[in-house]
Every structure is written in structure tokens, then in C-alpha cells.
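Below is one structure, written out as C-alpha cells, with a few remarks after it.
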Protein chains: 2
Amino acid sequence: MPVTPIYRQKARHAQVQVCVACEVRCSALFGALDAQGLERIKADIDNLELTANTRIYGPGSDSDAVYTVRSGMVRFERFTERGDLRIVRLAGPGDLIGLEALLQRPYRDEALCCGPVQLCRIPCELVDKLGQHEGSLQRELMLRWQTDLENAEAWVANLATGPARRRMLRLLLRLADLGPQDGTIWLPRREKIGAMLDLTFETASRLVSQLRREGILELTAMRTARVDTTALRQALQAEDAEGSERPAA
Amino acid sequence: MPVTPIYRQKARHAQVQVCVACEVRCSALFGALDAQGLERIKADIDNLELTANTRIYGPGSDSDAVYTVRSGMVRFERFTERGDLRIVRLAGPGDLIGLEALLQRPYRDEALCCGPVQLCRIPCELVDKLGQHEGSLQRELMLRWQTDLENAEAWVANLATGPARRRMLRLLLRLADLGPQDGTIWLPRREKIGAMLDLTFETASRLVSQLRREGILELTAMRTARVDTTALRQALQAEDAEGSERPAA
DNA sequence: CGAGCCGTTGAGGGGATTCAAGCTCAGTGG
DNA sequence: CCACTGAGCTTGAATCCCCTCAACGGCTCG
């Protein structure tokens with residue numbers, strides 16, 4: 001059984017304390033609210049602690065809430081019309097997921113926990129209520145959508161383009177960005193890597209092994225690894241340099 | 001997906017008339033406004049007619065306006081870090097582009113006309129002004145962002161996945177959706193097809209030729225073609241059926 | 001007419017897949 | 001305790017798809 005660090009719940013005071021002390025507060029949805037504002041919403045927000053591969057929501061769920069990721073990573077899965085699994089998005093601490101619920105739309109993808117994940121569940125009603133008074137909230141939401149959109153287009157340009165090795169290197173960079181900033185990353189199963197980069201799991205495995213031999217990647221625990229980020233960036237530059245005959249005017 | 005019902009009314013003044021008579025009005029940003037509301041905004045909206053390959057905006061431009069596509073198609077280009085061109089998005093009639101401007105962000109991609117294009121240029125100031133009074137406008141904007149996001153993820157899942165032939169077929173389907181609904185599509189240069197599907201232009205050419213021989217595609221004019229949509233869907237189903245040993249539980 | 005761009009097609013090579021065999025490791029039950 | 005099992009990972013060999021390199025044709029335009 002993988003070590004699933006069970007978080008000791010401190011004296012379960014008000015939700016207010018959780019929000020005030022939240023590490024992602026400044027980047028979170030209600031970051032603009034003061035303590036008094038938080039007081040009013042304490043009752044409605046649920047604080048969740050989930051284990052790896054727990055389903056947060058999916059196309060079948062009632063879309064009546066959004067979620068702030070406090071820690072951990074979330075992946076978004078869907079099936080192509082052909083029937084094979086694809087991962088189309090990753091979310092990390094500070095991200096707000098399930099935005100479509102605010103528009104009364106069904107959740108489009110399955111949101112699943114990559115490892116242990118801490119979430120805040122925020123009912124849509126609450127957002128609606130606050131949105132009427134707080135104009136800044138509307139703008140904050142639009143910013144979320146915009147960054148999601150930019151990330152999605154970056155996914156197309158970076159993770160869905162070029163030879164497998166480059167895609168893998170870019171994925172590692174993204175994983176390093178999303179996770180803790182200490183060089184440790186969550187390293188998915190080879191099959192999941194394939195679902196992100198459109199590769200077979202064998203190819204994903206070969207690439208991981210290759211990077212391990214090059215010293216860029218070092219497997220540490222079950223689903224975790226350590227990356228040498230400078231070596232990683234070097235490898236990427238080397239990749240990009242090769243084909244640079246013309247600057248593609 | 002793109003529902004473009006036809007709206008016609010008599011109107012008095014120049015831009016007002018344009019807006020009221022606009023074919024994409026119900027799907028457009030100000031669809032909710034009545035004639036009186038339109039009266040107030042007539043002065044600020046510019047009606048543009050552009051030719052193929054005209055640049056609408058790009059990372060360098062002042063991001064002070066959004067644009068409604070009235071007719072034609074718009075493509076979004078960017079360069080990967082390696083330096084090669086990628087097309088990450090397509091917009092058609094009824095779409096609102098350049099949303100990031102509303103958040104004082106620079107335009108991320110280059111927006112270019114695929115063929116002749118009619119646009120309405122809407123200054124951000126105007127949107128801000130109207131947004132304060134019209135609460136529905138905010139919601140409408142969020143809907144735009146959400147559909148853009150869904151399209152981007154669909155791009156990842158459909159156009160960036162699987163063998164080249166399937167990607168090409170999916171692209172044709174998308175082009176048929178965006179363009180006029182009469183089976184005529186705008187068929188990009190082979191190089192641009194490559195930039196959308198991550199292929200070399202030679203492979204793109206081979207695929208086009210192949211589909212032509214199969215009767216799915218028929219080149220008509222310079223950048224246009226006629227697709228047999230039913231044959232297209234059949235070909236796609238055939239593609240998807242082949243690899244369907246297991247439903248990928 | 002030659003120059004240049006775009007598109008097409010062929011031949012060869014390389015990268016990813018497919019098929020297949022072992023491997024490690026945790027859990028299970030004898 | 002240890003063999004057994006099954007899931008995940010690794011690696012090899014053969015195949016196939018797509019890329020690379022190359023030549024050629026149609027077309028526009030100077």
C-alpha cells in the first residue's frame with residue numbers, strides 16, 4: 001500500500017481559519033476578501049482531503065460547485081470518439097477547477113487526483129451570491145478562464161507537437177512547475193504519460209529509461225521522481241537547436 | 001454546434017442597421033441588446049472587411065479591442081520555442097476573438113484571416129461600460145471563454161491525437177462546421193494543414209490527394225473544396241472501428 | 001521565358017508502434 | 001517462509017507510418 005500521508009485534522013475550528021491560513025489564499029478565488037468577508041462564507045465551503053485516483057467530478061456529476069486546489073495535482077481525462085483515453089489538462093495548487101459549473105454546464109472531463117489532494121469545494125450558489133456584490137470576483141473568474149485557455153493552447157503547442165522526446169521533456173517541465181518547487185515531481189504511470197503525449201506506454205517507458213540513464217530523471221518513490229531542472233532545460237535547448245536551420249521567417 | 005439563425009429587421013442608422021441586420025447577431029456579444037441599446041453603441045463599433053492573410057492583431061498590437069467574426073474564418077498562429085509555426089485555434093462566424101484584451105493582457109497569438117473576413121471591432125472601453133449596467137453581458141463573456149476552452153481541449157483530443165489520416169478527417173469536419181453549411185470548405189495550404197496537425201506539408205499533400213481519390217474531397221477553387229460529409233463521417237467511423245478491440249475500460 | 005511558389009509524387013530512412021518476452025515488486029494464501 | 005499471482009515496468013525485434021530528401025509539373029508574374 002503506497003504511503004498515503006493522512007493529514008491530522010487540527011481542532012476543527014471555523015472554515016475561516018482554514019481560509020485565512022490557506023497557503024494558496026493570495027492566488028485563490030477569494031483572495032481579495034478580508035477576514036470579515038470570509039466569515040460570511042465559512043459555512044458553505046467544504047475542505048476535502050482526497051487520496052490518489054479519487055474522482056472529484058465527471059460528466060455524470062451534478063455541476064453545482066467549483067473547487068480550489070490547495071495542494072496536489074489534478075488531471076482531466078476524457079475519451080476520444082475512437083474510445084481511447086486522453087488527458088487534456090493538469091491543474092495544481094491555486095487553480096480553480098470545474099468553472100463550467102458556474103454556467104450551469106455539465107462537467108466536461110473527469111477530474112481525478114494524481115496523488116493526495118487537498119481541495120476546497122465552493123458551491124456555485126455562493127459564487128453567484130458574492131458575485132452580485134463583489135465586482136472584482138467577476139473579473140477574477142474571467143482571469144481564471146483566460147489562463148486556462150492559455151494553458152490549453154500551450155498544451156497544443158508544447159505537449160502535442162514534435163518528436164516524442166521533446167514532448168516528454170516539456171511534460172517534465174510542466175510537472176515540475178505544477179508540483180512542489182524542490183525538484184521533486186509526480187511521475188505518472190507510463191500509460192498515463194502516453195495518454196498525455198499520445199504515445200504507447202512502451203514508448204513512454206523507453207523515454208523515461210533513457211532520461212534516467214542521462215541523469216535528467218531519478219526515480220525516488222512510487223509515483224515520484226527527482227528532476228535535474230538545469231539538465232532538463234539543456235536537453236530541451238539541444239533538442240530545439242538541432243532543427244534550427246532557418247528561423248522560420 | 002455553431003447555430004447561426006438569421007435575424008432581420010428594419011433599422012434607421014448606419015451601424016445600428018448593421019448590427020440589427022447582422023446575421024450573427026443572436027450569437028453575437030450584444031445579441032441581448034435591443035435596438036435602443038444598439039443606438040448607444042453605434043459610434044464605437046467599427047465594421048471591417050479584410051482580405052485573406054490580413055493580420056487582425058498579434059502579440060505586438062495594443063490590446064484594446066475585441067472582434068466579432070461576422071463571416072469568414074480566422075486562424076491563430078504562434079511559434080513554438082523551437083521556432084516552428086503552429087496553428088492552435090480556428091474561429092468562425094459568431095465567434096468573439098481577442099478576449100484577453102478585456103483583461104488588459106497582450107494578445108497571445110497572431111490572428112490572421114483565412115479568406116475574406118468581415119469583422120466588428122469592439123473597443124474594450126465599450127464592453128467595460130456596458131458591463132457595469134448589463135449584468136448579462138458578464139455572463140455572456142464567461143460563456144465565450146468557456147466555449148473557447150472546450151474547443152481548445154477538443155483540439156487536443158481530436159486534432160492532435162492519433163494517426164495522420166484520422167487527424168486530417170477530423171480537421172475537415174471542423175472546417176465544414178466553421179464554414180458555410182453547404183459542403184464547401186476553406187481548404188488551407190498544405191503547409192498550414194501541417195501547422196495545424198503537426199505534419200510535414202508533404203504528408204498533408206499526400207493525405208489530401210488520397211481523400212480526393214476516395215471521392216471524399218473535391219478541389220473546386222483556389223483555397224476551397226467540396227466535401228462529401230457523409231462519406232467523411234463514414235471514413236472516420238471506419239478509422240475508429242479498426243482499433244476497437246477493447247473499449248478501453 | 002525563366003524565376004519562384006505551391007502542390008504532387010517517389011524512394012529511402014528513422015522514429016514510434018506492435019508483438020512479445022522477462023523483470024520487479026506487493027499482496028495473497030499455502 | 002515462500003511460491004504464486006498479477007500489475008506495472010523494461011527491453012528486444014520486426015513492422016509500419018511518417019519524415020526527409022529529391023525531382024517534377026502547373027501556375028503566376030516579372
Side-chain angles (χ1 to χ4, degrees), chain A residues 1-4 52-53 80 82 84-86 114-115 159-171 186-214 217-225 238-239 242-246 248-249, chain B residues 52-53 80 82 84-86 114-115 159-169 171 186-214 217-225 239 242-246 248-249:
Chain A
M1 191 57 137
V3 188
T4 52
N53 298 313
T80 66
R82 185 193 184 191
D84 38 26
L85 184 66
R86 291 251 39 198
C114 293
L159 298 184
T161 295
R165 178 180 165 87
R166 191 200 331 276
R167 302 211 295 277
M168 175 64 95
L169 291 171
R170 289 249 150 76
L171 175 61
W186 172 76
L187 213 248
R189 287 179 36 194
R190 309 299 174 263
E191 194 186 357
K192 301 294 182 189
I193 295 180
M196 298 189 213
L197 304 181
D198 193 35
L199 300 173
T200 59
F201 70 92
E202 293 102 324
T203 313
S205 173
R206 278 182 242 270
L207 288 169
V208 169
S209 302
Q210 185 190 351
L211 295 178
R212 234 159 21 121
R213 282 189 288 270
E214 295 176 21
L217 200 61
E218 181 191 0
L219 304 192
T220 55
M222 189 52 130
R223 283 280 97 83
T224 54
E239 276 290 315
E242 279 170 42
S244 69
E245 277 78 305
R246 314 135 291 140
Chain B
N53 297 315
T80 66
R82 185 192 185 192
D84 39 26
L85 184 67
R86 291 252 36 200
C114 292
L159 299 183
T161 294
R165 177 180 166 89
R166 189 199 334 275
R167 302 208 297 274
M168 174 66 94
L169 291 171
L171 175 60
W186 171 75
L187 212 249
R189 287 179 37 196
R190 307 301 174 263
E191 194 186 358
K192 301 293 182 189
I193 296 180
M196 296 187 213
L197 304 180
D198 194 33
L199 299 173
T200 59
F201 69 92
E202 293 101 324
T203 313
S205 173
R206 277 182 245 270
L207 288 169
V208 168
S209 302
Q210 184 189 351
L211 295 177
R212 247 179 345 142
R213 282 189 288 270
E214 295 176 22
L217 201 59
E218 181 192 359
L219 305 192
T220 54
M222 190 49 133
R223 284 280 98 83
T224 55
E239 276 289 317
E242 278 172 41
S244 69
E245 279 76 305
R246 311 135 292 143

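Below, chain A is the first sequence line, B the second, and so on; all start at residue 1.
- Side-chain proximity of E202(A) to dC19(C), dA16(C), dT8(C): nearest is dC19(C).
- Closest to the R190(A) side chain, of the nucleotides dC9(D), dC18(D), dG7(C), is dC9(D).
- The interatomic distance linking R166(A) (CZ) with dG14(C) (P) rounds to 18 Å, in whole Å.
- Map A204(B) and G162(A) each onto its nearest nucleotide of DNA chain C; the residue landing nearer the 5' end is A204(B).
- At a threshold of 4.0 angstrom between heavy atoms, the contacts of R167(B) with the nucleic acid are absent.
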Report task. May I have the step-by-step check of side chain to side chain donor-acceptor pair (under 3.5 Å) for R86(A) and T161(B), ending in yes or no? Result -> CA-CA 9 Å; R86(A) 291 251 39 198; T161(B) 294; 2.3 Å; yes
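- Counting all heavy atoms, side chain and backbone alike, M168(B) lies closest to L207(B) at CE-CB, 3.8 Å.
- Following rounding to the nearest Å, I193(A) (CD1) and dT17(C) (P) show an atom-to-atom distance of 13 Å.
- Among the nucleotides dC18(D), dG7(C), dT18(C), the one closest to the side chain of L199(B) is dC18(D).
- Nearest nucleotide to the side chain of R206(A), out of dA13(D), dT9(C), dA16(C): dA13(D).
- Side-chain proximity of R213(B) to the nucleotides dA16(C), dT9(C), dT8(C) is greatest for dT9(C).
- Checking side-chain atoms of D198(B) against main-chain N and O of G162(A) turns up a donor-acceptor pair under 3.5 Å.
- Protein atom CZ of F201(A) is 17 Å distant from nucleotide atom P of dA16(C), rounded to whole Å.
- The two atoms that bring R166(A) and R82(B) nearest to each other are NH2-NH1, 3.1 Å, heavy atoms only.
- Nearest to the side chain of S205(B), among dT9(C), dA13(D), dC6(C), sits dT9(C).
- In terms of phosphate contacts, R223(A) brings no side-chain nitrogen or oxygen within less than 4.0 Å of OP1 or OP2 of dG8(D).
- Closest contact between the side chain of T203(B) and the listed nucleotides dT9(C), dC19(D), dT10(D) involves dC19(D).
- Regarding R165(B), its CZ atom lies at a distance of 11 Å from the P atom of dC18(D), rounded to whole Å.
- Nearest to the side-chain atoms of T200(A) among the listed nucleotides dT10(D), dT20(D), dT18(C) stands dT18(C).
- Between the CG atom of D84(B) and the C1' atom of dC19(D) there is a distance of 14 Å, rounded to whole Å.
- Distance L197(A) CG to dA16(C) P: 11 Å, rounded to the nearest Å.
- The shortest heavy-atom contact between S205(B) and R190(B) is CA-CD, 3.9 Å.
- Nucleotide dT18(C) holds its C1' atom 16 Å from the CD atom of E191(A), rounded to whole Å.
- Here dA7(D) presents its P atom at 11 Å from CZ of R189(A), a figure rounded to the nearest Å.
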